[in-house]
Every structure is written in C-alpha cells, then in structure tokens.
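Scroll down for the structure; my scribbles are underneath it.
Bear in mind that the values here come from a model prediction, so they are computed numbers and not experimental data. The analysis underlying the following values was restricted to heavy atoms, covering all of them including side chains, and did not include hydrogens, waters or symmetry mates. For reference, positions follow the sequence shown, starting with 1. Just so you know, ligand 1 is whichever comes first in the structure, and atom 1 is the first atom listed for that ligand.
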Amino acid sequence: MKEIKISSADCCATPGLITVEQAIEKILSQAVPVAQTEKVDILYALNRVLAEDLRSSIDVPGYDNSAMDGYAVRSADCKVAGNVLPVTQRIPAGQVGIKLEAGTAARIFTGAPVPEGADAVVMQEMCEQINDDVTINAVIDKGSNVRCAGEDIALGSTVLDKGTRLRPQELGLLASVGLAEFKVNRKLKVATFFTGDEIVAPGKPLAPGQIYNSNRYTLRGLLQSMGCDIIDLGIVPDTLEATLDVLERAAAESDLVITSGGVSVGEEDYVRIALQQLGELNMWRIAMKPGKPVAFGRVGKTLFMGLPGNPVSVFVTFLLFARMLILKMQGTDDHRMPRVSVVADFDWPAVKRQEYLRVKITHKDDRVLAQLYPHQGSGVLSSASWADGLVEAPLNSVISKGDRVDYLPFEGLL
Ligand code: AMP
Ligand code: MG
C-alpha cells in the first residue's frame, strides 16, 4: 500500500470531520458499564457478561481417566513388545475398578477411571485379547493415554473472569465445573426508531416513492445477536415534532438509543436537531465511507447513536461504533475489533474518507485474497450480504493488487 504525501492542513480529509479512531475514542470515553447484576440459569446465559470471577470447586478431570478404549497396565510390565498379561477386570465409563496388581491388565474404556496401580493405557489397536489374556504389542511409556486429574482445570483456580462474554464454549466450560447459575450484568436496553416518510414495513404494498424499512431488520438482528433487549418504537415521520416526541420516549425507557436516518444535512433531517434540543450532541461527522454522519450524544443519562439512513452505512457504522459501545456498556473486558492481514485482489484509489469495502475471501496458492464486490454504493445492501467482511482502505493510501490490507471479518464482529 502506498501512502500519498499531503499537507498537514489536509490531513484529516474534509475539515470538520474526525477520524474513525477519534470517533471510537470519543464514543468509548462516554460508555459506562451497566451497574446492575442478576443471577442467570446457565441455560439462558449465552451472550451474557459475567459479573463475577468464577472459580472451580473441583478438579477437571476429577480423576485420572483413560483417553482410549484399550487396556490399563503398569508401564513396568510393558518394557518390551509382546508381553502377555491376564485381564483381571473390566472398567467401563461410570464405574470404578479395583487396584491393578503387577503383571495384570484391565480392560478399560474411554473416560473410565484408571485403576490404582496402573500408570498407562494401551490403545486396543495395539493389543490382541485371546480369552482372558491380552498380548501388548508395543512398548508403553508411563502416562500414555492417561488424562490426569486437574489437567484441564485445577480445583480452586479461576475458570472465567468477570467481564467475560459467554460464548458456547464458555457455557460448556462452566458446565464442566458444575456451575448451574451465576451472576451476570443485566441486559442492555436499547431503544430504536427509524426515520423517513418514505419507509414502509415489509409485507405492505409500496406506493410510488416509497421503500421498505430494511434498516429495522438489520439493526434488530445486530442487537439480538449481541444479546440486547430491544425497545422498537417503529417508523417515525420526518417532522421535528414527531422526532422530539419519540426521542424523549426512547431515552426515558433505555440505556442507549440507536436510530437510522435523519442525521445528515438535509432539511428533512430532524434527528440531530432533536438531540440538540433534548440533550447534547458530542460528535457528528466522521471521515469514513460508507457512513459519514453518525450523531453521538446523550439525552440525560441515556446515550444516543444516530446511524445514517443508507442501509450499508447502518450495517458498517454499527459494526465499527455501536458494537464497541454496546460491548463496553454490557461490561465486557474486550471490545477490540478483530483484524487480520490479507492480500488485496483489487486496486483502489487514495481516499479522503477511510473506506470500508465489502469483500469476499478466497484462497489462491498459499495466499488469502480479498475480492471486491463490484458495486460499493452505500445503498447496495447486496454487497453486505455477499461479503465475508470489510477491508479498511486507510486515508490517503493507494491499494494495488497484491498489497497487504487490513480485513475485518464479519464473523468476528457479529
Ligand atoms: P437519510 O439519512 O434519512 O437521508 O437517508 C439516507 C438514505 O437511506 C435515503 O435514500 C433513505 O431513503 C434511505 N433510508 C433511510 N431509512 C431507511 C430504512 N429504514 N430502510 C432503508 N432505507 C432507508
Ligand atoms: Mg431520511
């Protein structure tokens, strides 16, 4: 990627616009984690954020156990291949055997406790049992195929820290130490509304000049996937009166209000004006594309984020700004944006607003390539559906085919 030299006066694109990084910093500086907590049953804990450190009251595994179906032995009895040992007991998972005497073997199955006296398990593929005797056709080292007590989690250790967002693998981990309920932060209440005289709910016929309210479904999906409680105040006409009324109601009921449309410079854009009248506007225009206007501020204690109206702008600005804001308000300790380096399979000119290009990932030889959706318009929602993620085209840099670029995968952001 080649950086273009520019004068310092021109360095942040159009005057009055702040950079994406400055916007993120400003937004995060205002975000306060929810203070209230509640007990949750592990069955309903997906996506919740832990409000306490969780320790284990047991070892996992709780006892030395077999990693294979095979024979438990004393390794001292298997120093050479071909030894024959009498099989003196059978230990399926869920049962406990008796002490293994020297010169004997125990038939054992995956997960069953290794009997006292045994120090290794031989996989059954290396053994041959005839009647009550087994031939061990290998040299066996001490500890082979034994999963030791506490090797995953030691009794008394911290399993997960306060601030951890619970993904499926964390739920499994908590279940493995026997925890059935624990303290989490309460859910974030996010109020939404959608401005525009032209927008209509899907399922209804369109009159001339109307479009469907796609933003509602994108935004609701994003909020649901982040585990927020949604207060959906619907479509709001383009008048100052209606916007003031809905913003006041939204702010009264929620921790955060997120809207679409009405934040630009047109005469029909009332959201920013309503925010200034009822509360304060802290940030507005960002040097990025799609999504230059993102109004951020507050009404009383409730934070406010007004996303642009264009459907791709809603999606991208949510992933860049609203996601981090929500994660911090939910009390998570990690709100970084996942980023990986890939190779551009396209050319892109130097830009004065940082661009977030919709790309698909392909693999060629040993390289991970980003392919560009041909139409990058902020209204072209097909680009977001087609893509796997976003390539960040930084300010004032030309991207040439073969250059390394930063890629933000959707699966890390959703
Ligand atoms: P605005 O920011 O209100 O000027 O809207 C910018 C563009 O986004 C316009 O073309 C709007 O028609 C479109 N738009 C606004 N709201 C929605 C919505 N809820 N769903 C789909 N498109 C919208
Ligand atoms: Mg509008």
Name each donor-acceptor pair under 3.5 Å that joins a side chain in residues 405-414 to protein atoms two or more places apart or in another chain, with its distance.
| unit_1 | atom_1 | unit_2 | atom_2 | d |
| --- | --- | --- | --- | --- |
| Asp406 | OD2 | Arg339 | NH1 | 2.9 |
| Tyr407 | OH | Asp388 | O | 3.2 |

Legend entry - Spacing of CD1 belonging to Ile399 relative to CG belonging to Asp345, to within rounding of 0.5 Å: 12.0 Å

Legend entry - Results of salt bridge (Lys or Arg N to Asp or Glu O under 4.0 Å) for Asp255 - residues two or more places apart only: Arg186

Legend entry - Contact residues of ligand 1, where a non-hydrogen atom lies under 4.0 Å away: Thr195, Glu198, Ile199, Ile211, Tyr212, Asn213, Ser214, Asn215, Ser260, Gly261, Gly262, Asp269, Gly309, Asn310, Pro311

Inset, instruction - Please collect all ring pair (Phe, Tyr, Trp, His ring centres under 6.0 Å) contacts where either partner lies in residues 360-403, sequence neighbours excluded, each pair once. - result: Tyr373-Trp386

Legend entry - Crowding at CD, Gln224 (>12 non-hydrogen neighbours, <6.0 Å): yes

Inset, instruction - Say whether Thr332 and Arg165, considering side chains only, have a donor N or O and an acceptor N or O under 3.5 Å apart. - result: no

